[in-house]
Amino acid sequence: MTFTDSATEHPADPEPTGADRFVLPLVVRIERAAPPARTDALETAARAVLTLLADPRTVAETGAWHKRVRLWEELQIRKVVRRARGAEWRRAQPLEGITVAGSSAEVRVFPPVPLDGWPKELARLQVSGTELDDPKPPVAPDPGTPVLWLNPEVEMSAGKAMAQAGHGAQLAWWQLEAAGRTAWQQAGFPLAVRPARDGAHWAQLTGSGLPVVRDAGFTEVAPGSCTVVAEHPALRTAG
C-alpha cells in the first residue's frame, strides 16, 4: 500500500482529487500563560493518534469512525495540527473526538474530515503559532520505551513535528502484530520523542529496517525528507 503526504514509505502515487482527500485534525491547547513543553506536546500528539486508531469506534467495522479512518488511510494519512486557547479550546470539546493529556500538554484528536470540509469550530483555528520550547532538556528514555527519533538535521515547528511524530507512531502501530498492539495499548501507549544523537545515529536508524516517515513536502520540509524513525522494541525483535 502506498501512502501520500507527510507519511510515506514508498514514492507517492498521483495525489487524490480534493473531493477524495481526508485529513486528521489534531488540536493542541496553547494558553498564553502556560504553554506546554515542546517534547510533551509531541509525545501527547503521538499518543492521541494511537488512541484514535485503537478506539472501538475506529476498529470495529460497525464503528462510527471506521469507514472514514479506512478511507483516510487508503488515500493518505495527512495530519494537520492547529492550536486553540480559552474559548476556542472549549468550543472544540463537544465535537466528536478524544482529548489526551500529557504532563503539560493537552491534544484533542478528531476522526478524519474532508480536506475542504472542516467543522467551523476547527476551521477557524490557526496553524501558525505552535512555537514551543522545552524548559529543560528531556531526559533519556527509559529502557524498553518505544522511541520516535527525529532527524537532527531537519528543523520543524512544533506543530509540524507533532504531525510527524503522529505519523511515526502510526507506522509503528501498523507494523506491530496484534499482541504487540494490545500490549502497547494496555500499557497506555508509553513512548518518547527525541532527536537522534547525531548524523551517525540517524544513519544507523534509517538503515535498520524500522518504519521511516518520509515527508511529501507540502509544508516546511523538502519532499522526500526522512523526518522520523519509529523504534519499538517489538519491531526490533521481529527484525
**Student:** Which residue pairs satisfy the salt bridge (charged side-chain N to carboxylate O under 4.0 Å, His left out) criterion with at least one member in residues 38-55, sequence neighbours excluded?
**Tutor:** Glu43-Arg194, Asp55-Arg57
**Student:** Sequence neighbours left out, what passes ring-ring contact (aromatic ring centres under 6.0 Å, His included) with Trp184? Give chain and number order.
**Tutor:** Phe189, His232
**Student:** Ignoring hydrogens and angles, tell me if any N or O in the side chain of Thr182 forms a donor-acceptor pair with the backbone of Ala178 under 3.5 Å.
**Tutor:** yes
**Student:** Checking Thr99 against Glu106: is there a side-chain donor and acceptor pair closer than 3.5 Å?
**Tutor:** no
**Student:** State, with a plain yes or no, whether a side-chain heavy atom of Leu52 is found less than 4.5 Å away from one of Trp65.
**Tutor:** yes
**Student:** Heavy atoms, side chains only, cut-off 4.5 Å: are Lys79 and Trp72 in contact?
**Tutor:** yes
**Student:** Can you measure from CZ (Phe22) to CD1 (Ile77) and round to the nearest 0.5 angstrom?
**Tutor:** 15.5 Å
**Student:** Is a side-chain N or O of Glu96 found less than 3.5 angstrom from the main chain of Phe110, in a donor-acceptor match?
**Tutor:** no
**Student:** Quick one: does Gln93's side chain have a donor or acceptor within less than 3.5 Å of a partner on Trp89's backbone?
**Tutor:** yes
**Student:** Can you tell whether the side chains of Glu121 and Arg108 come within less than 4.0 Å, N to carboxylate O?
**Tutor:** no
**Student:** In the structure I gave you, are the side-chain heavy atoms of Val193 and Leu191 within less than 4.5 Å of one another anywhere?
**Tutor:** yes
**Student:** Is any side-chain heavy atom of Asn151 less than 4.5 Å from a side-chain heavy atom of Ser225?
**Tutor:** no
**Student:** Following the transitive rule for hydrophobic clusters with a side-chain heavy-atom cut-off under 4.5 Å over Ile, Leu, Val, Met, Phe, Trp and Tyr, establish whether Val59 and Leu176 coincide in one cluster.
**Tutor:** no
**Student:** For Ala87, enumerate each residue passing the side chain to side chain contact (heavy atoms under 4.5 Å, CB included) test, keeping only those at least two apart in sequence or located in another chain.
**Tutor:** Arg90, Arg91
**Student:** Within a strict 4.5 Å, meaning less than it, do heavy atoms of the Thr58 and His66 side chains meet?
**Tutor:** no
**Student:** Does Leu122 offer a backbone N or O that forms a donor-acceptor pair with the side chain of Arg82 under 3.5 Å?
**Tutor:** yes
